[in-house]
2 protein chains.
Amino acid sequence: MPITSPDPRSELSVAQALEAALGLFSTQGFRATSMRQIAAESGLSVGNLYHHFSNKEEIFERLIDQYWELVTDPRLRLNQLFAKADFPEDLEEVAGAIEEVVDAFKPYILLVYVDVIEFEGRHIHAFYEGMAGRFRDTYGERFRDRQAAGDFGEADPMVAVMVATRWFFYFYTVEKCFGVPMHFGMKPKEATQEFIRLLRYGLLPRPGGEHTQDPAGPA
Amino acid sequence: MPITSPDPRSELSVAQALEAALGLFSTQGFRATSMRQIAAESGLSVGNLYHHFSNKEEIFERLIDQYWELVTDPRLRLNQLFAKADFPEDLEEVAGAIEEVVDAFKPYILLVYVDVIEFEGRHIHAFYEGMAGRFRDTYGERFRDRQAAGDFGEADPMVAVMVATRWFFYFYTVEKCFGVPMHFGMKPKEATQEFIRLLRYGLLPRPGGEHTQDPAGPA
DNA sequence: GACTCCCAACCGAACGTTCGGTCGGTACTG
DNA sequence: CAGTACCGACCGAACGTTCGGTTGGGAGTC
């Protein structure tokens with residue numbers, strides 16, 4: 001908490017610099033982006049950039065922090081779905097919410113790969129390492145109860161929710177960030193429906209009743 | 001095919017340069033790697049590098065081509081499994097073969113992300129765009145026959161084989177290339193078994209008999 | 001209100017270094 | 001002696017960062 005309220009000019013400049021740097025880092029990489037480019041793109045001077053940031057890497061780190069804050073925001077639809085823990089009934093909603101996230105945070109997602117290549121993943125290690133634990137905290141109790149009630153089959157629901165989340169994230173990243181739309185040879189929405197069917201029912205035929213072609217059809 | 005057999009010195013130098021460049025590009029990125037670094041690492045001179053390659057980008061392109069050749073080599077165990085088209089019975093073998101590929105081609109895999117960031121994915125577009133078609137060519141006929149025979153349930157086997165392949169590839173890439181082992185909170189082998197179970201049987205309980213905890217157990 | 005003072009915000013030329021790429025030359029091979 | 005392989009000094013441009021200097025609005029004083 002600052003004693004005096006900060007100069008609004010400063011906040012604006014920092015925001016402009018970060019926005020410009022995000023666009024450049026995510027499309028060129030860290031080393032390939034120069035401070036002069038960031039300055040030109042943000043409308044600031046090189047000197048001013050160094051007034052607000054101690055060096056180029058600090059700008060990158062601020063962007064990673066910003067991404068983390070954005071993606072953990074409880075107001076995000078995806079995080080509200082996690083909080084309700086209605087997996088796997090809410091798979092359609094989760095898939096849609098992840099598509100939203102990838103759309104909204106495209107350049108930040110690319111920063112992750114910049115980090116992996118140019119910083120050996122130094123800045124994003126914590127995220128991946130903590131992932132399993134966060135899913136356990138969110139879904140662990142609920143899944144135990146439901147498993148006891150016979151809601152699940154042989155597959156581990158904890159693995160399933162992680163696979164589903166990471167897979168949708170990866171799929172939409174390739175679609176939207178790697179610039180290869182339709183890489184499954186079908187519309188993303190169609191592919192998503194198939195992914196969900198696969199996750200719920202698996203590939204092998206179900207020993208019970210006949211082929212019910214689509215459970216979403218009219219009863 | 002060259003008219004005259006090439007000078008063996010030349011071939012050796014090119015191979016050394018490519019090997020050095022692969023290590024550097026994959027751990028630093030393209031722009032962050034200098035021709036002087038490649039020269040020092042390969043034991044060649046800068047002038048000699050430019051004798052064998054017209055510029056830095058050509059070295060990168062040669063590496064991408066090399067990756068494509070390696071990964072499409074029919075002698076590769078993974079490609080032999082694809083040729084047999086025994087999905088989904090061979091899921092365990094496929095998963096193991098993909099782990100092998102990721103292990104063997106780690107630095108090349110990272111080049112893909114370098115390409116996405118620093119070249120807008122220009123050099124790897126063809127791979128992703130042709131993916132669905134290649135799977136169709138390999139598995140299409142076989143799956144049609146088996147689907148008619150009732151071997152599959154509601155999920156599309158073509159989507160399933162693509163999901164399985166890409167998922168294993170992605171999972172092992174994060175494990176081995178992003179430097180985040182155990183990111184699912186369990187050993188990769190255990191995780192793989194769970195993935196396979198999920199792909200085969202799905203998450204929901206099967207309407208037939210009781211909970212058979214593990215179909216691999218004694219009959 | 002007029003004045004001074006102060007300091008964060010801001011600028012851009014300049015520094016030493018490194019970059020991708022060139023080129024004139026030497027060494028070796030056939 | 002022709003031709004390929006190879007070398008490293010060299011070029012101009014661009015790099016990250018520094019630094020001396022300008023500016024403008026708020027606090028303090030009368």
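To find a chain, count down the sequence lines: A is the first, B the second, and so on, and within it residues start at 1. Every value quoted in this text rests on a predicted model; they were computed, and no experiment measured them.
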Given C:dC15, D:dT18, C:dC10, identify the nucleotide with an atom nearest to the side chain of A:Y50. D:dT18

Side-chain N or O of B:H52 closer than 4.0 Å to phosphate OP1/OP2 of D:dC6: yes

For A:Q37 and A:S54, take the nucleotide of DNA chain D holding the closest heavy atom to each; which residue's nucleotide lies nearer the 5' end? A:Q37

Taking for B:T33 and for A:S45 the nucleotide of DNA chain C with the nearest heavy atom, the one nearer the 5' end belongs to A:S45

Nearest to the side chain of B:K56, heavy atoms from C-beta on, is which of D:dC15, C:dG20, C:dC10? C:dG20

Would you please say whether a donor-acceptor pair under 3.5 Å links the side chains of A:H183 and A:E175? yes

If we ignore hydrogens and angles and just use 3.5 Å, is the side chain of A:R200 paired with the main-chain N or O of A:F195 as donor and acceptor? no

Rounded to whole Å, please give me the gap between CE in B:M35 and C1' in D:dC7. 14 Å

Of the listed C:dG21, D:dT17, D:dC7, the closest approach to the A:N55 side chain comes from D:dT17

When the distance from CD of B:E58 to P of C:dG21 is rounded to whole Å, what number comes out? 11 Å

Between B:V46 and A:R31, which is nearer to the 5' end of DNA chain D once each is assigned its nearest nucleotide? B:V46

Whole angstroms only, please: what is the CG-P distance between A:L44 and C:dA8? 18 Å

Are A:R146 and A:F143 in a cation-pi contact, defined as NZ or CZ under 6.0 Å from the six-membered ring centre and within 45° of the axis? no

Roughly how far apart are B:L49 CG and B:R36 CZ, rounded to 0.5 Å? 10.5 Å

Taking 4.0 Å as the cut-off, does a side-chain nitrogen or oxygen of B:S13 come that near to OP1 or OP2 on D:dC6? yes

From the set C:dA9, C:dG20, D:dC7, return the single nucleotide nearest to any side-chain atom of A:H51. C:dA9

Ignoring backbone atoms, establish whether A:N48 has a side-chain N or O less than 4.0 Å from OP1 or OP2 of C:dC11. yes

Take the protein atom CD1 of B:I59 and the nucleotide atom P of C:dC19, then report the distance between them rounded to whole Å. 14 Å

Answer yes or no: does atom CD of B:E120 have more than 12 heavy-atom neighbours from other residues, nucleotides or ligands under 6.0 Å? no

A:Q16 CD - C:dA9 P separation (whole Å): 14 Å

Nucleotide C:dT18, atom C1' - distance to CZ of A:R36 in whole Å: 13 Å

Can you tell me the distance, in whole Å, between the CZ atom of A:F30 and the P atom of D:dC15? 13 Å

